[in-house]
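Scope of the values below: all heavy atoms of this structure, side chains included, with no hydrogens, waters or symmetry mates. Keep in mind it's a predicted model, so treat the numbers as computed, not measured. Atoms within a ligand are numbered from 1 in the order they appear, just like the ligands themselves.
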Amino acid sequence: MKSWFRGAGFLAGTAFVLGMASAAHAADAKRGQFGKLDDGTMIETVTLTNDHGMSVTTMTLGASVQTLSVPDRDGKSDDIVLGYDSPAEYLADPQYFGATVGRFANRIDKGRFTLDGKQYQLEINDGPNTLHGGSQGFDKRVWTIDSVKSGPTASVTYRYKSVDGEGGYPGTLNVTATYSLGEDNALHISYRATTNAPTIVNISNHSYWNLGGATANTGSMDDLLTINASAFTPVSDTLIPTGEVRPVDGTPFDFRTPTRIGDRVRDGSSEQIRYGHGIDHNFVIDGEAGTMRRMARVEDPDSGRVLEIWGDGPALQFYSGNFLDGTMLGKGKHIYREGDALVFEPQLYPDAPNHPNFPSARLDPGDTYSNDIIFKFSTADE
Ligand code: GLA
């Protein structure tokens, strides 16, 4: 009895000390509201904040990143993701600002694929192809909040049930997207999905990064980019992979050493750059899929902000913001123009279901799809 009492006292004391420690270094998760959709649905938010000047607001619409602030080299925090000021604008958005994209991120050739001998036709929403799951993909859905946690690591998990036949896809898919933030200024995103019938899955995040600040009057073309990829997948003029896996050697797609992005996106001698209006390609990341590894690093020389993209998937879609054409009014009525921001989507290869030589996008009942991504921020000296 006595020893039990002493033990409990010891534990209580430890909890007290740990409590103090985590109070000093606690990341906080706080719920809020963004506004209502026209049908009255309230879009809820969860903001994760740490003690190192980083905060990220995510929301139930598209399980999206709505704002993300991190310090520059002088310690000044700014929002560095493109987006809008109201839910209605996100719903009308053709750019997928900050969104979770799925059921199949990127394009599927003519929206067609075959599974176990049966052909499926998806909704066509991008020229002749399906893009990011169709016009009512995961980005346009209102997700529910599953759990919200504060602590040394703050987190929020969103959930969405995509019913059998939605967008043309087979199988009811149960999806979660978890955002977590600790004290190391790294935002972790984990996607998980299970199905009740064989289907295809490819889920990623579609944040647009302008490391100089989302409302800065400079774009991202001066940023220095490194991508740890020795090969990429060339595309057709409708941005569908041809099936070839081409070494980057001697091409404008060789980013294995830090390279100013603006020096590559105007290279019209490359048919591939012409097709993408810049870079809009899938890079095959070196190292082993299934292991978390650094995929890319971007450094903004002005602000000193550095973003590292880590992931455990096989590939990374890098899109240099080529379709930001000055017609979009974003946060604070700021006009977004070509090359203002960069998108890095760690994922499977685009159009994977139509290329047996690409890693498979198939998900069977009993298996769990997973994709883990880290966006890690730091600063570089001048
Ligand atoms: C992806 C595609 C791009 C473009 C954007 C959304 O990144 O690869 O071609 O469609 O989404 O605008």
Discussion item. Please list, in number order, the atoms of ligand 1 under 4.0 Å from a heavy atom of Gln317.
Written reply: 8 (O)
Worksheet entry | Residue of the set Tyr84, Phe97, Tyr208 for which ring pair (Phe, Tyr, Trp, His ring centres under 6.0 Å) holds with Tyr336 | Phe97
Worksheet item: Do any N/O atoms on Asn106 end up under 3.5 angstrom from N/O atoms on ligand 1?
Response: yes
Item to complete: With heavy atoms only and a cut-off of under 4.0 Å, state how Leu131 meets ligand 1: side chain, backbone, both or neither.
Response: side chain
Item to complete: Go through ligand 1 atom by atom and flag the ones less than 4.0 Å from a non-hydrogen atom of Gln95.
Response: 12 (O)
Discussion item. Closer than 4.0 Å to some heavy atom of Asp280 - which atoms of ligand 1 meet that?
Written reply: 2 (C), 3 (C), 8 (O), 9 (O)
Worksheet item: When rounded to the nearest 0.5 angstrom, what is the spacing between CD1 in Ile80 and OG in Ser77?
Response: 9.5 Å
Got a list of side-chain donor-acceptor pairs under 3.5 Å for residues 173-180, not counting sequence neighbours?
unit_1: Thr178; atom_1: OG1; unit_2: Thr157; atom_2: OG1; d: 2.8
unit_1: Tyr179; atom_1: OH; unit_2: Ala63; atom_2: O; d: 2.6

Discussion item. Quick test: of every protein heavy atom, which one is nearest to atom 5 (C) of ligand 1, and how far off is it to 0.1 Å?
Written reply: His206 NE2, 3.6 Å
Practice prompt. Compute the shortest N/O to N/O distance between Tyr96 and ligand 1 and return yes if it is under 3.5 Å, no if not.
Written response: no
Discussion item. Main chain of Gln66, side chain of Thr57: is a donor-acceptor contact present, judged purely on distance under 3.5 Å?
Written reply: no
Worksheet item: More than 12 foreign heavy atoms under 6.0 Å from CD of Gln119: is that the case here?
Response: yes
Worksheet item: Which atoms of ligand 1 have any heavy atom of His132 under 4.0 Å away?
Response: 1 (C), 11 (O)
Response to the item:
Sequence neighbours excluded, the answer for ring pair (Phe, Tyr, Trp, His ring centres under 6.0 Å) partners of Tyr191 is none
Worksheet item: Among the heavy atoms of Tyr208, does any lie under 4.0 Å from an atom of ligand 1?
Response: yes
Fill in: Ring centre gap for Phe344 and Trp310 strictly below 6.0 Å
no
